[in-house]
Amino acid sequence: MSETFSMTIDGAAVTAPGTFGVINPATGEVAEQAPDASREQLDAAMAAARAAYAEWRRDESARRKALLEAADVMFARSEEIGRILTLEQGKPLADATMEVVGAGVWLKYFAELELPREVIQDDANAQVEVVRRPMGVVAAITPWNYPLLLGVWKIAPALLAGNTMVLKPSPFTPLSSLKLGEVLRDVLPPGVLNVVTGGDELGAWMTAHDVPRKISFTGSVATGKRVAAAAAPDLKRVTLELGGNDPAILLDDADPAAVADRLFGAAFQNNGQVCSAIKRVYVPEALYGDVVDALAERAKAAKVGDGMEEGVQYGPINNRPQFERVSELVADAISGGARAAAGGRPVDGPGYFFEPTILADIEDGARIVDEEQFGPALPVVKYTDLEEALARANGTHFGLSGSVWGADADRAAEIAGRLECGTAWVNTHLALAPNQPFGGFKWSGVGVENGPWGLYGFTELQVIHRSKL
């Protein structure tokens, strides 16, 4: 693949004074160049978004029509954009194509979602109506694991509400977002969606910029704290979707054979690079050996390789820093006495490939249990007392999601309700939908995305009070 990628500013293709290399994680080599936006170009993008806001906010029906057209573009060009996504992110082509399709599904959902107007008084004295108004320009910063889908999680509700946007993707995966901006130039009016690319410095310029009234960020806890600090002096609103260390608790009536496929799938989806994936599993002592064996069997059978190749289930880790982090956490666990029931080391050869790894005979206190690994390595922890397992599952700064598994669904649901997290699943995990709010407790985030609740996060409440006296 050899293609020239441009930014989108005020509806036009824009190059930059410099470029940076985008690495194909399957080879470890630079595959393409992306524009490295200057501060002046960011200013131009912000000015374009501000200028477009006055007209864009006025016509709700036009906004809905544009979002539906954008969804159709995602559906029609899913394979083309999917190949770009696989090149830069590493995920199998089928998964990348489905991510683009998913972006279309989210656009369509929000295009059809109601923007409520609520009359709270209508009598002889007054009519009082509560309406939701757009905020203005939104600065959106997205991560490298699902750059398109998580970008659209922000774009769709923000634009429906009447806001305009400047979007910055991760420098590890800028190409698919640049292509998104390109293919939507004929759908959205100039300035409504601007896409700029660059490194961490560009993100810092965005969060401190005086134009945006809202910052929507998905990424690490450490960076999320910096975003919140940068937003505070200007009282910018923020939505922060940050990390997770999701526990899965198996109850004593769970059937290892029946749940193993779903546990493994929810831990290793996108090669474990999902903020709400299962990151640690707590298993009763009586079931422990069977669960470890079942998960290890699936890890050993998984096909790892270049996402462009037919039949590959799991691609590489996206980038070298993350590859080194996963390698370090697994090595630390094994040196501390954990047993690699499957995997345990990098794959020989080029690229950032790591064997799907199941770690047994490991306890809380090991870094890979206590921290978010964000990669293809899953610790399986034994417990003898359910109350203790719950305390260990909740004993973290994270609170994104979690799950409880058991034959008695009512009992499992009662236990799930005691998890300190934004989403508690029962006998499933990673069941996400556009109409379902997604967010975290504690350090896992501020605010939610998706559903009407995510839409409301891109609005300000306004009271219209009409006196009848």
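- Under 3.5 Å, the side chains of Asn163 and Trp56 contain no donor-acceptor pair of N or O atoms.
- Between the side chains of Asp59 and Ser61, a donor-acceptor pair is found at a separation under 3.5 Å.
- With 3.5 Å as the limit, one finds a donor-acceptor pair spanning the side chains of Lys154 and Thr218.
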Worksheet entry | Trace of the salt bridge (Lys or Arg N to Asp or Glu O under 4.0 Å) decision for Arg466 with Asp122 | CA-CA 9 Å; Arg466 300 170 59 182; Asp122 192 4; over 6 Å; no

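- Listed for the Lys168 side chain is no donor-acceptor partner under 3.5 Å among the backbone atoms of Thr142.
- Using modelled atom types, one finds no donor on one side chain facing an acceptor on the other under 3.5 Å when comparing Thr423 with Trp425.
- Residues Val130 and Leu461 meet the side-chain proximity criterion, which asks for heavy atoms closer than 4.5 Å.
- Counting heavy atoms from C-beta outward, Asp408 and Leu251 have side chains that stay 4.5 Å or more apart.
- For the pair Val101/Met74, no side-chain contact is recorded, criterion being any heavy-atom separation below 4.5 Å from C-beta on.
- To the nearest 0.5 angstrom, Leu188 atom CG is 7.0 Å from Leu67 atom CG.
- Residues Ala412 and Val426 approach most closely at CB-CG1, 3.8 Å, considering heavy atoms.
- Not one N or O on the side chain of Arg132 forms a donor-acceptor pair closer than 3.5 Å with the backbone of Leu455.
- Glu99 has its side chain within reach of Lys91: a pair of non-hydrogen atoms, C-beta onward, lies under 4.5 Å apart.
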Discussion item. Let's go through Trp153 and Tyr146 carefully: what are the C-alpha distance in whole Å and the side-chain angles of both, what is the deciding distance for ring-ring contact (aromatic ring centres under 6.0 Å, His included) to 0.1 Å, and is it a yes or a no?
Written reply: CA-CA 10 Å; Trp153 281 23; Tyr146 284 92; 8.6 Å; no

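- Surrounding NZ of Lys236 are more than 12 heavy atoms belonging to other residues, nucleotides or ligands, all under 6.0 Å away.
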Discussion item. Checking Glu80 against Lys179 for the salt bridge (Lys or Arg N to Asp or Glu O under 4.0 Å) test, could you report, in this order, the C-alpha distance in whole Å, the side-chain angles of both residues, the deciding distance, and whether it holds?
Written reply: CA-CA 10 Å; Glu80 172 195 356; Lys179 177 59 72 171; 3.7 Å; yes

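- Inter-residue side-chain proximity for Pro25 and Phe172 is flagged as unmet; no heavy-atom pair is nearer than 4.5 Å.
- To the nearest 0.5 Å, atoms OH (Tyr314) and CG (Asn271) are separated by 8.0 Å.
- Looking at Val196 and Leu167, their side chains never come closer than 4.5 Å, going by heavy atoms from C-beta outward.
- Arg237 CZ: 12 or fewer foreign heavy atoms inside a 6.0 Å radius.
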Enumerate donor-acceptor pairs with a distance under 3.5 Å from any side-chain N or O in residues 206-213 to protein atoms, sequence neighbours excluded.
residue	atom	partner	partner atom	Å
Thr207	OG1	Gly203	O	3.3
Thr207	OG1	Ala204	O	3.1
His209	ND1	Val211	N	3.2
His209	NE2	Asp43	OD1	2.8
Arg213	NH1	Asp234	OD2	2.7
Arg213	NH2	Asp234	O	3.0

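- Counting non-hydrogen atoms of other residues, nucleotides and ligands closer than 6.0 Å to CD of Gln436 gives a total above 12.
- Using a cut-off of 4.0 Å between Lys/Arg side-chain N and Asp/Glu carboxylate O, Glu420 and Lys442 are scored as salt-bridged.
- A cation-pi arrangement is found for Lys225 relative to Trp443, the charged atom lying closer than 6.0 Å to the ring centre and inside a 45° cone about the ring normal.
- Listed here is the closest heavy atom pair of Gln41 and Thr15: NE2-O, 2.6 Å.
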Worksheet item: Yes or no on salt bridge (Lys or Arg N to Asp or Glu O under 4.0 Å) for Arg418 and Glu387, after CA distance, side-chain angles and deciding distance?
Response: CA-CA 10 Å; Arg418 296 170 63 191; Glu387 291 299 322; 2.6 Å; yes

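- Taking CG of Leu295 as the start and CD1 of Ile278 as the end, the distance is 9.0 Å to the nearest 0.5 Å.
- Checked by atom type and distance alone, the side chain of Asn318 pairs as donor or acceptor with a backbone atom of Glu88 at under 3.5 Å.
- In this structure, the side chains of Asp364 and Asp370 come closer than 4.5 Å at one or more pairs of heavy atoms.
- With respect to Glu449, the side chain to side chain contact (heavy atoms under 4.5 Å, CB included) criterion is satisfied by exactly one of Pro437, Pro434, Ser216, Pro157: Ser216.
- Side chains of Phe374 and Arg325 form no contact here, defined as non-hydrogen atoms less than 4.5 Å apart.
- The cationic group of Lys214 lies under 6.0 Å from the six-membered ring centre of Phe458 and within 45° of the ring axis, placing it in a cation-pi geometry.
- For residues 249-283, the set of pairs meeting the ring-ring contact (aromatic ring centres under 6.0 Å, His included) definition, not counting sequence neighbours, comprises Phe264-Phe268.
- The two atoms that bring Ile368 and Pro379 nearest to each other are O-CG, 3.7 Å, heavy atoms only.
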Practice prompt. Would you check, one step at a time, whether the test salt bridge (Lys or Arg N to Asp or Glu O under 4.0 Å) holds for Lys108 with Glu69?
Written response: CA-CA 9 Å; Lys108 188 174 187 299; Glu69 290 176 359; over 6 Å; no

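- In summary, the side chains of Thr86 and Arg83 do not present any donor paired with an acceptor at a separation below 3.5 Å, with no hydrogens or angles considered.
- Donor-acceptor pairing under 3.5 Å is lacking for the side chains of Arg50 and Thr164.
- A donor-acceptor distance shorter than 3.5 angstrom exists from the side chain of His429 to the backbone of Ser276, with no hydrogens or angles considered.
- For the residue pair Glu182 / Thr8, no side-chain donor-acceptor distance below 3.5 Å is found, with atom types taken as modelled.
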